[in-house]
Every structure is written in structure tokens, then in C-alpha cells.
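Since the structure comes first, as C-alpha cells, the remarks are kept for the end.
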2 protein chains.
Amino acid sequence: MGTMKDVAALAKVGVGTVSRVLNNSGAVKESTRRKVEAAMKELNYIPNAYARGLKMNKTHTIALIIPTIWHPFFSEFAYYVERNLSEHKYKMLLCNSDVSNDKELEYIQMVQENKVDGIIGITYSDLDSFVSSHLPFVTIDRHFKEETVCVTSDNFHAGELAAEKLVEKGCKKLGYIGTHSRFPTETTKRRSGFVEQAELMEIPYAIYDGEDPVVEFKQEIRTFFEENPDVDGVFAHTDFIALDILEVLEEMNRKVPEEVQIIGCDGIKMEAGRKQFLSTIRQPVDLMAKAAVEKIILVIDGESVKTKITLPVHYVEGPTTKNQMSK
Amino acid sequence: MGTMKDVAALAKVGVGTVSRVLNNSGAVKESTRRKVEAAMKELNYIPNAYARGLKMNKTHTIALIIPTIWHPFFSEFAYYVERNLSEHKYKMLLCNSDVSNDKELEYIQMVQENKVDGIIGITYSDLDSFVSSHLPFVTIDRHFKEETVCVTSDNFHAGELAAEKLVEKGCKKLGYIGTHSRFPTETTKRRSGFVEQAELMEIPYAIYDGEDPVVEFKQEIRTFFEENPDVDGVFAHTDFIALDILEVLEEMNRKVPEEVQIIGCDGIKMEAGRKQFLSTIRQPVDLMAKAAVEKIILVIDGESVKTKITLPVHYVEGPTTKNQMSK
DNA sequence: CTGTTAGCGCTTTCAT
DNA sequence: ATGAAAGCGCTAACAG
């Protein structure tokens, strides 16, 4: 595994020429090109990305910062991000922040040392100051003061859709159960969309919305149902919360979907082919990943980008709502 | 964000000195160290990992090659690998091979260009030739001809344990349902352990073991149960297969665990805190990740390493077996 | 069309 | 204890 100099020597040309054939830049006579290619093959030449990165100040690597890859939503997202990056010949450095501010900052630092070309981040801490640096940055579901580009799904409509479906399926009193971060997030609109739609339809509703981190969350859910025994349709802020609700309801001996119907939000699946195990409002994870990758590359290439991209959500029928509530 | 030269200029020292304080190498007078550190702070200096990597021929990055991150087993594994690497100041490049030979090779190539220090791989294709290269390589569950180090769990015992538990819980006829790769894998021992234990206990058993990729797998499972209607305890080669079995059995209107008990294998969980949704034999994913990271770093540092590490598995009780079959 | 050369930012002798 | 200088492998500007 030699260097460019070895190839040049073997092909009896200068290193500049080798570089030219390697990058298809400048004009090279067909015969020399062939000589060089032969030499490369013979030496099993592999260009050194670090040397190139140093020279070009460009690494063709982006960092993905997420709370934890051990979560089906993030792992699906990471899957599609990697796949899209790979199509653009980019590599992906994976960073788990564990929802710790310190770790997020540490990673941003690390990532600058490593000279990634940009960052795609689902972060929940207060990074505003750091994002101000000129590193290309694309966030998911999260606004910063700066004009960073943000990819999100139509969270408001997710809420509307959930309320609408629940009522369509015969619910008489709705509930919203969720938690939110201290920091401004797109996902808080799930609640407002839900509330707005409920009011539009003049359906009564109850709300539980705790601030993360909530301790004894299951107990909170139980209290919610004890205080609102007539709620027969609930929209959970995430699918995992829906799962928690399911567990509580089972403990309380209340049947789903017969007595209470539940719609989650996110649309997590455990692996590519497997079906949903909840009725849910699904975010278009693949499209979000694609958008995030395309945008980050545009930003890296210095093009200006619309600062907010909102993708559509869809209702997916699963086993936690009543099937076909037809006439 | 200046360079080392800027720091040197500001501190009125040579770049060599800056390098020395940065790396704590060589002796530096306390007063100069302070001057340099002040200059670094003032310029907000961040060392360039690419320049260092080029010089040192060491990048502090490893690549993780897995079939797909969108799978709870791999995402848990990746989570722990990243975490352990991070503790050792290493970064992780994530590569999804999509179980495609071409993509695996492409990644190995890409990863060589990028000069990672080593690879941790869960691969299923025929990479033997490439692994022969001198890149430090640690495999999971997979043998190569070469003396690459392999981290695995006690798959044979997993099979034994499953048979034992099933019988302990009252099963009279056992079944094994699984698939296997064309290539030699540690996981085939799950079947042999199961069979050996069944014979030891003199319990009858039936086997379905298809070669990947199996088309119409659900249909195969259904056929298995039609041909073996008396099987009342089955060991699934993976948790996902157990899930498929569950679906088929539901379609066939056979109750789990009342009529048929199922034990899966792997111990997947959707996220860190969440409980198992199957009775299963769990692999110690965290320990496997830790071992893989420790071993790859040893190999990178040129130390010799035991070529095979086998970690213990455990039975975890879930809802697909009968609870407490006590006297 | 192609060879030569000057760095990219860093580490590491080698003097001093 | 520290400055000067060489060079890691590559690209791009400059001659020819």
C-alpha cells in the first residue's frame, strides 16, 4: 500500500499527474492515464484521506449527534442519514450525547478537532453559543436563536390528525399525555394542534404535560386516568409514552382499544420490515433524513438554504384504536 | 480558530514548544507552559486532528460495520461500542452494510482510505481475503480463516438453557426454528446446544433450519406447526424469529404461552430502560461491546490478544413462557 | 499535456 | 529547555 510518490515513480510520471488522474482534474493524455492506472493497480494504491483532508480542509465526513442510538426512532433516522450520506460519498461519525449537555458540548468540540464538514444534530441542551460558530449545522425538531437550518415534520398537524381520528373512531372525551423539554422544540406543537382541533370539534379534553425529566411518570399517568375516568381516547406525545400508557392501563384493568383508544406519535418500528405495534402518527423519517443530508451538503457547499423544512405526517392504523368504525 | 503557528507567535515560542505542552511530552518550563496555555485560550485554539493523523499515521477512529443500525440488537451494540470508544478517546465511524457483500467490501475500502485504526465488524459475507490485510479487525460471532479476534457469547449454552427451561416449564415436545448464513457463524451452536440438551433429557424435538435468505418464512413456520402439532415449546434462533412465530401462532389461533411456549434468543430491548417483551436467552451486549473495544485497542497497540472471547448468556423471563411452574 | 514545487498543521529529531 | 527544520501524502499553481 504505497503512496502517490511510489505510483508516480512506477509510472514514470510526476505526482501531479497521478493526482490529476486520481481526481479526473485537468487533462491527461489517454496513454499516460493508462500507465498511471496500471501502476495504481499494481501497487494496490489507496489514497490517504487524511493527507487530502489536511490539504483541502474538507473531510467528507459529517457528525450525527443524537441522544442515543439505542432507540428505534433515532436508529431509523441514523440508518437513513448514513445511507444518504453514503450515496453522496460522505462518511458518518456517530455521537451519542445521552441527553447530557456536557457530552453534547464535548462532542461538538471533538467534532471540530476532527474537522468534520458539518453536524446533523438532534440535541436538547443549550448549545446556542456553540452553534454560532461557523460549522454547518442542521437541527432536527429544534430551533436555535441563530439562523441554523431545521428539519422537522408537521407536528401541529400530527396533533390535529390524532384528535380527528380519535373522534372519528367514536371517542367522547380526549386526553393528551406528554412531556416537554425546557428548550424550545417543534414537538410542543403536537399538543397545540391536538387542543386546537379538539376545540374546533367542541370535544372535551384533559391534558397532562410534564417537564422532563419526569420522575414516576407511570404514576403520573395513573393519576391522570384516575382523575379523568371518562377519557376514552388519548394522544400520546410519543410512541414510547403510548407504550407506558398501555402498561398502566393494563394494570388498571382497562381494555385497549375497547374502553380506551390510544394514538401514539413518531411511528417507530423495530426494524425495516416490521409493522407498527401501535396506532400512531408517523413522521416521515426517511424523508427527514434525506432532507437533513441534502441541506447539510448544500450548507457545506456554501449555498443558501431555506432555514426551515417541514415534512408531512400520516396516520397509521394499528391495534390500539378500533378498526373501521364505519356507519 | 488559529493554528499552532499562531499560538507559537502569540506566546513568542517555537511551534515545537507548543506541541510539547499540547501533548505533555518533553520537559517545558512552568512559565513557558503558562504562556502557551494562555495563548491557546486566547486564540481558542483547536488542534487539527487531520494534520496530526497524517503525521502520526494514527487517527483514533474505528469503524463499526454492521448489517443495519435499524435493529435493536445492533443499535444496542453500537450504543455500547460508541460509549466505550468514547471513554478511550476514540471516535466511531458507522457503516451499514445492508447485508450486501458489495457494500461490505466498499466500506472496508472506504475505511482504509479514511485510515481508521481498526474495524469492529458484524459481517456475513466472504471477506476473508480482505481481512488478511493488516488492518486490526475484531469480529462478532464470526470466524475467518485468519487469526482475527472474535468476540461472541456462549451460543451453545444458550441452546442448552432454552431446552432446559422449556422442559422445566412442562413442555413435552420441543421445536427449534431458525435460519443460518452460508458462512461459518458462532450462532449455529444455538441449535446444537439445544439438540444436545434435548437428547440428554430424552425429550423429542423437531427442527426447522432454513438457509438465508428464506422467502415466505412465515409460511415455513406455519408448515412447521402443521406438521408438528404436538410441539408445545419452541426455541427461536433470534428474538425477531420469535416475534414471527408469535404472529403465525396468533393467526393459527394457538395461545401463547398456554398452548405453546416460546423462548427467543438475543434479548433485544427497544431502548435502555424498557423491559423484554419475550422470554429469551439474553446475550450480554454491553460486555460484548466492551470486550470488542478493549480488544481492538490492544490489537491497534500491537499487543497480542486471545483470539476468541466467549461471554456468558442468561435466561430472562418474559410473557411467552408460563410463569413459575412450581410444584 | 505534464513535471516541479510550495505548503496544509502537526510531531519530532537535532542543535543550541 | 527550546527554536529550527524536515517531512507525513496530497493538491494546485506555475512553468514549460
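The structure presented is a predicted model; accordingly, all values stated were derived computationally and were not measured. Throughout, protein chains are lettered first and strands after them, A, B, ... in sequence-line order, and every chain is numbered starting at 1.
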* To do: List the protein contact pattern of nucleotides 6-11 of chain C with one symbol per nucleotide (5' to 3'): B for base contact, S for sugar-phosphate-only contact, - for none; contact means a heavy-atom distance under 4.0 Å.
  => -BBBBB
* Among all residues two or more places apart in sequence or in another chain, which pass the ring pair (Phe, Tyr, Trp, His ring centres under 6.0 Å) test with B:Y90? -> B:H60
* Angle between terminal axes - the helix from C:dC1-D:dG16 to C:dT16-D:dA1, 5 pairs each end, rounded to 10° -> 50°
* Over 60° means perpendicular and under 30° means parallel, so classify the ring planes of B:H71 and B:F74, tilted if in between. => tilted
* Taking atom types as modelled and ignoring hydrogens, do the side chains of A:Q283 and A:D266 form a donor-acceptor contact shorter than 3.5 angstrom? -> yes
* **Note, B:V293 side chain near B:I120 side chain (heavy atom, < 4.5 Å)** => yes
* Asked: Can you name the side chain to side chain contact (heavy atoms under 4.5 Å, CB included) partners of A:K29, sequence neighbours left out?
  -> A:S31, A:T32
* **Between OG1 on residue B:T68 and OH on residue A:Y79, distance to nearest 0.5 Å** => 5.0 Å
* With a cut-off of 6.0 Å (strictly less than), are more than 12 heavy atoms of other residues, nucleotides or ligands near NZ of B:K58? -> yes
* Got a donor-acceptor contact below 3.5 angstrom from the B:T307 side chain to the B:T148 backbone? -> yes
* Asked: Counting any heavy atom closer than 4.0 Å, what does A:K12 reach on the DNA or RNA strands: base, sugar-phosphate only, or nothing?
  -> sugar-phosphate
* Going by the angle between their ring planes, with limits at 30° and 60°, are B:Y50 and A:Y50 parallel, tilted or perpendicular? -> parallel
* Asked: side chain to side chain contact (heavy atoms under 4.5 Å, CB included) with A:E294: which residues, sequence neighbours excluded?
  -> A:K290
* Asked: Between which nucleotides of DNA chain D, read 5' to 3', does contact with chain A run, using atoms under 4.0 Å from its heavy atoms?
  -> D:dG9 to D:dA13
* How is B:S25 classified with respect to the nucleic acid when contacts are heavy atoms under 4.0 Å: base, sugar-phosphate, or nothing? -> nothing
